[in-house]
Structures are given as C-alpha cells and as structure tokens.
2 protein chains.
Amino acid sequence: MNIISTKSNEDKVNTITEMCKLFKVSARTLRFYESKELLFPIRRGQHRLFTKSDRGRMKLIMQGKRFGFSLEEIRQLLNLYNFGDHRTRQIKQTYQLGLKRLSSMEQQKKELGLAIKDLKTQLQLCKDLLLKRGADSRDL
Amino acid sequence: MNIISTKSNEDKVNTITEMCKLFKVSARTLRFYESKELLFPIRRGQHRLFTKSDRGRMKLIMQGKRFGFSLEEIRQLLNLYNFGDHRTRQIKQTYQLGLKRLSSMEQQKKELGLAIKDLKTQLQLCKDLLLKRGADSRDL
DNA sequence: GTTATACTTGACGTTAACGTCAAAGGAATA
DNA sequence: TATTCCTTTGACGTTAACGTCAAGTATAAC
C-alpha cells in the first residue's frame with residue numbers, strides 16, 4: 001500500500017492472456033482490434049499492457065457486437081468515453097453520433113419486443129399442435 | 001371476383017423484382033436465400049414466383065438479421081412457421097429451438113435496456129462538458 | 001421479325017472479422 | 001548455458017453474405 005497507487009484497480013494493467021480470459025476472446029482478436037484503433041494498449045518493451053481504458057473499451061465493443069453493430073460503427077462511438085482528450089468540435093460530432101445510436105437502439109428494443117411477442121404466439125400454436133398430435137406435455 | 005380466389009392476397013404471387021421492392025433487397029439476395037433453403041419460390045417455366053409463405057419467411061429473415069442472427073440460425077427457426085408440413089419429431093425439435101431463441105431474445109432485450117441506460121448517462125456527461133466549454137445548448 | 005425487357009444460371013470478386021501458421025525475440029527457469 | 005514460455009510481427013487462409021459481370025432464354029412490344 002504505497003501512497004501513489006491507492007487506486008489499485010484503476011491503474012491495473014493486464015497482459016494479453018489475462019485480457020483473453022477476461023473477455024473470452026483470442027489474442028489475435030485483441031491485436032486485430034488494436035490495429036483497427038479500437039484499443040490502445042501501452043508497451044513495456046515489446047509486450048502490450050492493457051489499461052483500465054482498454055478494459056472499458058472492450059466492454060463496449062462486446063456490447064456493440066452483441067447488438068449487431070460493426071467494428072467501425074463501434075469505433076466511432078468509443079470516443080464518447082474518452083471525450084476529455086479531444087477537441088470540442090470532435091466531441092460535438094461524437095455526441096451527435098451517440099444520439100443517433102441511442103435512437104437506433106431504442107428502435108431495436110421496440111422491434112425486439114414485437115418479435116418476442118410474435119415468437120411467443122407462434123410457439124403456442126406449435127405447442128397446441130404437438131399436444132393435439134398426442135405429445136406428452138411434460139416433453140414441452 | 002371469381003369463386004376460387006376469394007383469398008386474393010393469400011394466393012398472390014410476386015415476381016422477383018416485386019419482392020425486391022417489397023423487402024428492399026437485391027435479386028441476388030433472394031436467389032441466394034433460395035440456394036440456402038430459406039425461401040422456396042415456385043416456378044413458372046424458368047421464372048420464380050414468390051408465394052405468401054415466402055413473404056412471411058422474408059419478414060422473419062429480415063427480423064432475424066436485424067437482431068444479429070446468422071442466416072443458418074434463422075433457417076432453422078423458419079420451420080416454426082410451416083410446422084403443418086413436418087413430422088411430429090421435427091416439429092418438437094423446432095419447438096425446442098424456438099424456446100431457446102425466445103430466451104436468447106429476451107436476454108438480449110434486457111442487455112439492450114442496460115446498454116441504453118449507460119449510453120444515456122454517458123451522453124449526459126458529454127453534454128455537460130460541452131456546455132461547460134461554452135457550447136450553445138441549441139446545437140445539442 | 002427484331003428489338004426490348006425481365007429473368008435465368010454460372011462464375012468469380014469483395015468485405016468484415018477474425019483464424020492459423022511460421023519465424024523470431026526476451027525473460028525465466030532448469 | 002540450454003530450454004521453455006510468452007509474446008511479437010508478418011503473411012496467408014477462411015467464412016458469411018452477398019456484389020458483379022457474362023452469356024443465355026423467353027416473353028412482350030413495336
């Protein structure tokens with residue numbers, strides 16, 4: 001416990017294999033993301049060290065992918081989480097992009113709700129048929 | 001209005017270009033989907049004719065893609081909407097798959113809700129910074 | 001009859017998002 | 001010192017989901 005590193009998990013850095021386990025991705029993937037400027041690990045000699053910022057970015061990347069966004073779309077939004085570093089003009093742009101992304105995600109959530117409803121209906125029809133055909137209800 | 005085709009839009013068939021406009025996709029895409037057994041247009045001579053069933057399937061395909069499912073994942077579920085045609089054993093399988101898909105979609109909806117919440121927070125922080133830097137609030 | 005139009009089947013090209021493999025460098029351990 | 005281990009940089013391979021282009025057919029329009 002020294003004076004400088006009270007914020008231990010703030011300053012913590014991870015090797016590439018640690019990151020792999022943390023996010024269940026391959027090392028190739030992490031290097032690929034760096035080459036695409038989605039991550040910016042620092043270097044100790046040859047090796048990469050991933051900082052808290054990289055961990056935050058990775059979380060957002062995985063999230064974005066889950067919702068069907070491309071890496072390029074994700075990259076553009078990542079700046080929203082580092083805006084302190086940038087010029088006002090660029091922050092404005094990122095902010096605008098964020099608003100669009102937000103509305104797109106809200107739209108997607110609506111549609112998802114409808115699709116879920118449809119699917120439920122269809123599953124019920126399917127279940128009815130199976131029961132009428134004499135299926136054991138404990139199987140379903 | 002003849003006796004047979006009272007269900008005019010039930011029996012309606014579409015040419016490939018009509019389908020293209022209907023779903024805003026290319027003809028190549030429709031043929032590709034047929035080759036992957038997601039669509040089953042009938043043939044008048046050489047030409048394809050897309051039926052109501054194909055239109056229903058296309059709706060589901062577009063929906064599935066929107067939510068990030070692969071064409072193969074989508075294909076497997078499409079049978080849920082034609083179950084009359086199949087053997088009980090296969091319907092059961094499709095039904096089970098449908099249940100899994102449902103829970104996956106519900107999970108996705110949850111996560112989407114959280115992500116939306118995060119994004120809103122971040123946008124607010126971003127907005128605050130911009131205002132503090134003297135941005136005109138009418139721009140945002 | 002020929003020209004235009006819509007459609008067909010191949011076949012090869014493209015992009016995103018990685019996977020895989022080879023060769024090499026440094027640190028640690030035996 | 002030798003060997004092992006982690007990591008690095010290239011470079012080429014792969015898969016999904018189409019795009020693009022060429023060559024041919026069939027029906028409709030003039």
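To find a chain, count down the sequence lines: A is the first, B the second, and so on, and within it residues start at 1. Please read all numbers here as calculations on a predicted model, not as lab measurements.
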Discussion item. Does any part of the side chain of A/K65, heavy atoms only, come nearer than 4.5 Å to the side chain of A/L71, both counted from C-beta?
Written reply: yes
Discussion item. Side-chain N or O of A/R43 versus OP1/OP2 of C/dG26: is the shortest distance under 4.0 Å?
Written reply: no
Worksheet, complete the sentence: Per nearest nucleotide of DNA chain C, the residue lying toward the 5' end, B/E18 or B/R28, is B/E18
Practice prompt. For B/R31, answer base if it contacts any base atom (sugar-phosphate contacts may also be present), sugar-phosphate if it contacts only those atoms, and nothing otherwise; contact means non-hydrogen atoms under 4.0 Å.
Written response: base
Worksheet item: How long is the line joining NZ of A/K21 and P of D/dC6, in whole Å?
Response: 9 Å
Worksheet item: So which nucleotide from C/dC7, C/dC18, D/dA17 ends up closest to the side chain of B/L71?
Response: D/dA17
Practice prompt. Verify the cluster assignment for B/I16 and B/M62: are they in a single hydrophobic cluster under the rule of side-chain heavy atoms below 4.5 Å apart?
Written response: yes
Fill in: Sidechain N-carboxylate O distance under 4.0 Å for A/E72, A/R75
yes
Practice prompt. Write down the distance between CD1 (B/I74) and P (D/dC18), rounded to a whole number of angstrom.
Written response: 9 Å
Worksheet item: Quick one: is C/dA6 close enough that its OP1 or OP2 comes under 4.0 Å of any side-chain N or O from B/T15?
Response: no
Worksheet item: Whole Å only: how far is the CD atom of A/E34 from the P atom of D/dT9?
Response: 7 Å
Item to complete: Kindly indicate whether a cation-pi arrangement holds for B/R57 with B/Y33, taking the cut-offs as under 6.0 Å to the six-membered ring centre and within 45° of the axis.
Response: no
Discussion item. Within the 4.0 Å heavy-atom criterion, would you say A/R44 contacts the bases, only the backbone, or no part of the nucleic acid?
Written reply: nothing
Worksheet item: Whole-Å distance between D/dC18 C1' and B/M58 CE?
Response: 13 Å
Worksheet entry | Whole-Å gap separating P (C/dT5) and CD1 (B/I16) | 19 Å
Worksheet item: Within less than 4.0 Å of OP1 or OP2 of D/dT7, is there a side-chain N or O belonging to A/T17?
Response: yes
Discussion item. When you compare the side chain of A/M105 with that of A/F69, does any pair of heavy atoms fall below 4.5 Å?
Written reply: yes
Worksheet item: Using a cut-off of less than 4.0 Å, is there contact between a side-chain N or O of A/K36 and OP1 or OP2 of C/dT15?
Response: no
Worksheet item: Does B/K65 put a side-chain nitrogen or oxygen below 4.0 Å from OP1 or OP2 of D/dA16?
Response: no
Practice prompt. Measure from CG on B/L39 to P on D/dC18 and round the result to the nearest Å.
Written response: 11 Å
Worksheet item: What's the closest nucleotide to the B/H47 side chain, out of D/dA26, C/dG19, C/dC7?
Response: C/dC7
Item to complete: Identify which nucleotide among D/dC18, C/dA17, C/dC18 has an atom closest to any side-chain atom of A/T29, counting heavy atoms from C-beta outward.
Response: C/dC18
Discussion item. Just the rounded figure in Å: distance from C1' of C/dA17 to CD of A/E72.
Written reply: 13 Å
Practice prompt. Check whether any side-chain N or O of A/R48 sits under 4.0 Å from OP1 or OP2 of D/dT8, and answer yes or no.
Written response: yes
Practice prompt. Using a strict cut-off of less than 4.0 Å between a Lys/Arg side-chain nitrogen and an Asp/Glu carboxylate oxygen, indicate whether B/E106 and A/K120 qualify as a salt bridge.
Written response: yes
Worksheet item: When you check the phosphate oxygens OP1 and OP2 of C/dC18, does a side-chain N or O of A/Y33 lie under 4.0 Å from one of them?
Response: yes
Discussion item. Nearest whole Å is fine: how far is C/dA17 P from A/I61 CD1?
Written reply: 11 Å
Worksheet item: Which nucleotide in the list C/dA17, C/dA6, C/dT8 gets nearest to the side chain of B/Q46?
Response: C/dT8
Fill in: Distance test, side-chain N/O of B/S26 to OP1/OP2 of D/dC18, below 4.0 Å
no
